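What follows is one structure encoded as structure tokens, with my remarks underneath.
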2 protein chains.
Amino acid sequence: MLTSTATAVQDPFSPDTLALLDRAAAFCTARTSRLTETRRLVLGLILQSSKPVGAYDILDHLRQYQRNAAPPTVYRAIDFLLSQGLIHRIERMSAFIGCAHRLECHHGHGCGHRAQFLICSGCGAVSEVEDSEITHAIADAARKIGFKPHQSTVEIEGLCAACQQG
Amino acid sequence: MLTSTATAVQDPFSPDTLALLDRAAAFCTARTSRLTETRRLVLGLILQSSKPVGAYDILDHLRQYQRNAAPPTVYRAIDFLLSQGLIHRIERMSAFIGCAHRLECHHGHGCGHRAQFLICSGCGAVSEVEDSEITHAIADAARKIGFKPHQSTVEIEGLCAACQQG
DNA sequence: TCTCAGTCGTTATAATATAACTAAAGGCGA
DNA sequence: TCGCCTTTAGTTATATTATAACGACTGAGA
């Protein structure tokens, strides 16, 4: 058994997060994309947070594990994770959250990417929903004016159930 | 009649823009808010553009008329115009466009603020719609999970009718 | 083994936005 | 009109978010 001198910092994640990271690794393997160590750390840091996290917050935490991490380190990982649909960017906050549907649902990995986000101005938490009424309404509205939609951002700011009690 | 030495730059706006600025001035007067000269210039510069404009683009142009304009000059004007609903921020672009409904419709000034934006990745143009299906779908989805919505951002990226021809 | 695509380290800088403090201008009641 | 107070604007500095550019390393396949 190794003792602690010069030992690298332990993997910092909770069992829940570790389980999600395992799913993410499997997901990437299936797509022949590579969840490298840096990418895995960044994803873990995002998943670990109950709120969206900014790139420089991620960087601060990442530096506990990789002393020479720099902004491009984080942004490259973020770009990868976005491209795989493993995280989402919340535009209003310039921050990132894990994708609930990629990693948490048990219905397989094929779910669409038509997510909407509910941002609580009380506690800062963001929940992701996939509401087909919204999705269809958007598609219809676009079609009506001859616009061919490719991707949409829906961010709803307000008060979550818990914060309405306070 | 004054001749041109040291004359201030002429008001730079097209007749269309000037008409909109007149409406905006009336709108502000009615609300007892003040469309000051700087705010009017910034609004004019935004309205004049067919695409969303960034704060520093505005600043560059503004400096033709106010040599000592600085970032806060522009951001203060933007904050005011946003607060009056005279412009919108396009989150995905960190840029601003005039509010079509405040200034262009002839149905009075009371229209709601539940706008959605269609962003063309071909030409960069953004059009604003107010689609009640989308608005209702969002309200319903929020209610379903006990979330009290306050404001929402809907930005749909894709190809406009014209750019689909190309 | 060679090569190529992909990934990462590193430095510098671009682009967007705000803090903080001072001064001027405008509205308003006495 | 005067003085007071609120709003607006000038100015400097800095915070925050994001990308450019270039070289080195790595791992997979020809």
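So that the names make sense, note that chain A is the first sequence line, chain B the second, and so on, each numbered from 1. Since the model is a prediction, treat every value here as computed from it, not as a measurement.
Across all strands, A/Arg67 comes closer than 4.0 Å to no nucleic acid atom at all (heavy-atom distances).
Heavy-atom contacts of chain A under 4.0 Å fall on DNA chain C between two terminal nucleotides, which in 5' to 3' order are C/dT7 to C/dT11.
B/Asp57 CG to B/Phe96 CZ: the interatomic distance, rounded to the nearest 0.5 Å, is 11.0 Å.
A donor-acceptor pair under 3.5 Å is absent between the side-chain atoms of B/Arg40 and the main chain of B/Leu35, judged by distance alone. Side chain of B/Gln164 to backbone of A/Gly146: a donor-acceptor contact under 3.5 angstrom is found. A/Arg102 places no side-chain N or O within 3.5 Å of a backbone atom of A/Leu86 that could act as its donor or acceptor partner.
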Identify each atom pair where a protein N or O and an N or O of nucleotides 6-10 of chain D are less than 3.5 Å apart, giving names and distance.
unit_1, atom_1, unit_2, atom_2, d
D/dT8, OP1, B/Arg39, NH1, 3.0
D/dT8, OP1, B/Arg39, NH2, 3.4
D/dT8, O5', B/Arg39, NH2, 3.3
D/dA9, OP1, B/Thr36, OG1, 2.5
D/dG10, N7, B/Arg76, NH1, 2.8
D/dG10, O6, B/Arg76, NH2, 2.4

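Side chain A/Tyr75 to base D/dA20: no donor-acceptor pair is found below 3.5 Å.
One side chain, A/Ser14 or A/Thr17, offers a donor N or O that lies under 3.5 Å from an acceptor on the other. Looking only at atom types and distance, the side chain of A/Arg92 has a donor-acceptor partner in the side chain of B/Gln151 under 3.5 Å away.
Under 4.0 Å is where a charged nitrogen must lie from a carboxylate oxygen, and between B/Asp140 and B/Arg143 at least one such pair does.
If you take CG of A/Leu82 and C1' of D/dA18, they are 13 Å apart, rounded to a whole angstrom. Taking atom CG on A/Asp79 and atom P on D/dT17, their separation rounds to 16 Å, with Å as the unit. What separates CD1 of A/Ile90 from C1' of D/dT17 is a distance of 16 Å, to the nearest Å.
Checking B/Ala70 against A/Arg89, the closest nucleotide of DNA chain D that is more toward the 5' end is the one next to B/Ala70.
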Could you give me the CA-CA distance, side-chain angles and deciding distance for B/Thr153 and B/Glu91, then say whether side chain to side chain donor-acceptor pair (under 3.5 Å) is met?
CA-CA 8 Å; B/Thr153 298; B/Glu91 298 290 341; 4.9 Å; no
